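What follows is a set of notes on a single structure, which appears directly below.
Note that the structure is a prediction, hence the values are computed from the model and not measured.
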Amino acid sequence: MNANQIAKYGYIGVCIALYVAAGLVYLLDPSFLDPRFQTCCGAIMLAYGLVRIIGYFSKDFYCLAFQYDLALGILLMALGVITIVQRHQTESLYLTFGLLVLIDGLLRIQLARDGKAFGLETWKIILVLAIAASFFGCLMIISLGFSENVRHILFIAALVIDGIMNHFIMVTAVKPMRPQHCIGGLEHERKGRT
């Protein structure tokens with residue numbers, strides 16, 4: 001298994017483990033937001049950060065899905081450590097995940113724009129998902145004054161939409177590298193289309 005496959009399936013695995021599974025657990029038992037749950041979330045963020053860094057250094061033909069993953073991977077690992085260390089700070093988990101979802105959504109908006117220029121057919125779906133993720137990430141950040149029930153719903157919605165977005169991107173925008181190098185590949189393809 002090469003780095004591209006590790007990153008792609010690692011992304012999908014983390015989306016399932018964190019965004020879908022954690023969201024469903026939180027929906028079924030909101031009181032599960034305790035130090036053990038936060039430690040688990042922090043550990044998953046560390047793993048997710050590592051997967052994203054691997055993705056950045058993998059050879060992806062489109063050079064779109066992983067283009068911001070070095071910085072985001074480092075950020076995820078840092079926030080994972082903070083989440084584990086401050087696991088008794090419930091408010092920090094809302095802020096941390098809100099920040100992650102917002103940043104991820106905003107960068108995926110740019111990915112959709114680059115995908116459009118590259119000729120990626122699914123760029124519109126990526127754009128819609130990215131805008132939705134950015135919206136819910138922003139709501140999570142400002143939700144400190146909201147009621148607990150509203151915050152639960154926002155937490156679940158943000159995690160699930162970000163998971164769906166990244167899962168969809170991995171399935172549609174990641175393609176193993178062909179023999180030519182990634183550097184300059186996007187410009188070469190653009191020139192070929194004009």
Side-chain angles (χ1 to χ4, degrees), residues 7-34 36-52 55 64-66 68-69 72-73 75-77 79-80 82-84 87 89-112 115 122-174:
K8 179 175 181 176
Y9 296 116
Y11 251 97
I12 293 171
V14 171
C15 287
I16 294 169
L18 179 59
Y19 300 121
V20 179
L24 290 174
V25 168
Y26 198 70
L27 175 64
L28 296 172
D29 186 8
S31 65
F32 195 64
L33 191 61
D34 63 16
R36 292 171 299 173
F37 179 65
Q38 293 186 40
T39 300
C40 180
C41 288
I44 293 173
M45 276 193 280
L46 285 169
Y48 196 20
L50 180 61
V51 165
R52 295 190 84 141
L64 292 172
F66 304 126
Y68 307 109
D69 278 7
L72 273 178
L75 176 63
L76 270 163
M77 295 184 82
L79 291 176
I82 292 170
T83 301
I84 292 171
R87 60 184 181 274
Q89 300 290 329
T90 303
E91 303 300 329
S92 69
L93 190 62
Y94 285 102
L95 185 60
T96 299
F97 277 101
L99 180 65
L100 284 173
V101 174
L102 174 61
I103 293 173
D104 205 19
L106 292 175
L107 290 176
R108 297 311 191 184
I109 290 174
Q110 187 169 342
L111 183 152
T122 57
W123 72 269
K124 290 181 181 179
I125 300 173
I126 294 172
L127 179 62
V128 170
L129 292 171
I131 291 171
S134 302
F135 175 73
F136 282 107
C138 185
L139 284 180
M140 278 186 69
I141 294 172
I142 64 173
S143 70
L144 297 181
F146 296 177
S147 70
E148 196 65 24
N149 287 337
V150 172
R151 293 170 71 192
H152 290 172
I153 293 170
L154 291 176
F155 185 89
I156 296 162
L159 295 184
V160 171
I161 192 66
D162 196 61
I164 292 170
M165 175 183 70
N166 281 307
H167 195 144
F168 183 78
I169 289 169
M170 288 303 106
V171 172
T172 62
V174 175

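With rounding to the nearest 0.5 Å, the separation of CD1 in Ile169 from CD1 in Ile164 is 12.0 Å. Note that the CD1 atom of Ile161 and the CG atom of Asn166 stand 10.5 Å from one another [nearest 0.5 Å]. Atom CG of Leu76 sits about 11.5 Å away from atom CD1 of Ile44, to the nearest 0.5 Å. Here the CH2-OG1 distance, from Trp123 to Thr172, works out to 13.5 Å after rounding to the nearest 0.5 Å.
By the side chain to side chain contact (heavy atoms under 4.5 Å, CB included) test, Met77 is found to be paired with Leu46, Ile53, residues two or more places apart in sequence or in another chain being considered. Listed by chain and residue number, Tyr68, Leu72, Ile103 satisfy the side chain to side chain contact (heavy atoms under 4.5 Å, CB included) test with Leu107 (two or more places apart in sequence, or in another chain).
The minimum heavy-atom distance between Gly10 and Val51, with the atom names listed, is C-CG1, 3.7 Å. Across all their heavy atoms, Ile126 and Arg108 have their closest contact at CG2-O, 3.9 Å.
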Which pairs would a plain distance check flag for residues 127-147, meaning a side-chain donor or acceptor within less than 3.5 Å of a matching protein atom at least two apart in sequence or in another chain?
{"from": "Ser134", "atom 1": "OG", "to": "Leu106", "atom 2": "N", "distance (Å)": "3.2"}
{"from": "Ser134", "atom 1": "OG", "to": "Ala130", "atom 2": "O", "distance (Å)": "2.9"}
{"from": "Ser143", "atom 1": "OG", "to": "Met140", "atom 2": "O", "distance (Å)": "2.7"}
{"from": "Ser147", "atom 1": "OG", "to": "Val150", "atom 2": "N", "distance (Å)": "3.4"}

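Because its NZ or CZ atom is both nearer than 6.0 Å to the ring centre of Tyr48 and within 45° of the ring axis, Arg52 counts as a cation-pi partner of that residue.
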